[in-house]
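Reviewing the structure listed below.
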Amino acid sequence: MATEIPTDFLKNEENRLNSLRFDEENGKLEVLDQLLLPHEFKYIPVNGVNDAYEVIKTMKVRGAPLIATVGCLGLYIEIQQSSDSNISWISGKINYLISSRPTAVDLRNALQSLLPLVQENKLDEIKKRLLDVYHKEKQENRRLVWNGYQELITAFPKKQKLTIMTICNTGSLATCSWGTALGVIRALHSENRLEIVYALETRPYNQGVRLTAAELLHGNVPFKLITDSMAASVMKSKNVDAVLTGADNVALNGDTANKIGTYMLAVLANYHAINFYPVVPLTSINQKIETGEEIVIEERPAIEMLTINGTNIGSLNTPVWNPAFDVTPANLITKIITDFGNFKPSELKNALKSDLY
Ligand SMILES: CSC[C@H]1O[C@H](OP(=O)(O)O)[C@H](O)[C@@H]1O
């Protein structure tokens, strides 16, 4: 039985950067263009599936849970605009949206389950489930953040304040709520249990320096930005207690795909005897695959490594390899923090069979 979360938990964390604006009554969706951050805060309209695909594909919107929400709301809006009694067209839109980013599994998890409902012509149920992805996230995220906070204060009972390392962006710019790993970090700060966060800049797309730094500055959270290459030295000399990361795809054995560089952090954390926790909503778990070997790793365009904010930092004909993710093997993971409990990787598959969620 899940413990009751105190009503004042995260009470001071309502002032967050909002990744999107959704006017359900009028069917209007706007998303924050994250490619312009942190220099410009501009919301752009998403009027249907094609717009949703474009903002996800180009990473104006990114982060596994947020990708799912924007994809589902984009499809919902297009359905609301249609007067066609034949709804078979929805299946093609589902498959198109799923193709936008092949590694993050949340969107696929949310949409593939709707395909049988299209066949059965159950339009109202389809619309309800698309909206539920948006409406349910905040409650599920609060439980996820609570579980992460409980895990950390239990793991370090004698430390009043913890030093955390994190990679990429996993906050309110990767979700519609507090965030996954960054949500737990904000909870530690809110409860006066955080010493400092070391946030990796996260080359090549710089989600750390552009997005996580913006969120932590906005929330007055104590942190230091570090380059990815500094991670080992920080672990060696700055008393890091734990590494917290997000996840884009988790196999049943606990192998976890996340931003490229996460595997490096897990190896370094293991060497330095530092706890390593992916913070993973149920929506990011891929119950169709047994191991990380089956996870498709998205490769992004070379231009994203050779430019920063449109400025060339290398010759554009430079050959590059630009995988957006890597897979951390389960044996390097201390526990997987989820919204239905915290588990050693070896416990995850059985936990999913229970009625914990
Ligand atoms: C809370 S999931 C965020 C997850 O998504 C990021 O990838 P991307 O920015 O390419 O969408 C990264 O892997 C984060 O951990």
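Counting starts at 1 for both ligands and their atoms, following the listed order.
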Check: residues 193-202 side-chain donor-acceptor pairs under 3.5 Å, at least two apart:
unit_1, atom_1, unit_2, atom_2, d
R193, NE, Q160, O, 2.7
R193, NH2, K159, O, 3.1
T202, OG1, C168, N, 2.8
T202, OG1, L200, O, 2.8

Less than 3.5 Å apart, which donor and acceptor atoms pair up between the side chains of residues 255-270 and the rest of the protein, not counting sequence neighbours?
unit_1, atom_1, unit_2, atom_2, d
D255, OD1, N253, ND2, 3.3
D255, OD1, A330, N, 2.9
D255, OD2, N253, ND2, 3.0
D255, OD2, G292, N, 2.9
T256, OG1, G254, O, 2.9
N258, OD1, A247, N, 3.1
N258, ND2, T262, OG1, 2.9
K259, NZ, A324, O, 2.9
T262, OG1, K259, O, 2.6

Salt bridge check, K335 against E347: does any charged N sit closer than 4.0 Å to a carboxylate O? no
Please check if the number of heavy atoms outside N239 that lie under 6.0 Å from its CG is greater than 12. no
Pairs under 3.5 angstrom, nitrogen or oxygen on both sides, ligand 1 versus protein: list them out, please.
unit_1, atom_1, unit_2, atom_2, d
ligand 1, 5 (O), D248, OD2, 3.2
ligand 1, 9 (O), R62, NE, 2.9
ligand 1, 9 (O), R62, NH2, 3.2
ligand 1, 9 (O), Q207, NE2, 3.0
ligand 1, 10 (O), R101, NH1, 3.3
ligand 1, 10 (O), R101, NH2, 2.8
ligand 1, 10 (O), K259, NZ, 2.6
ligand 1, 11 (O), G63, N, 2.9
ligand 1, 11 (O), R101, NH1, 2.8
ligand 1, 13 (O), D248, OD1, 2.5
ligand 1, 13 (O), N258, OD1, 3.2
ligand 1, 13 (O), K259, N, 3.1
ligand 1, 15 (O), N258, OD1, 2.5

Got a salt bridge between K42 and E40, using NZ or NE/NH1/NH2 to carboxylate O under 4.0 Å? no
Connected to L35, directly or through other members, by ILVMFWY side-chain contacts below 4.5 Å are M59, Y205
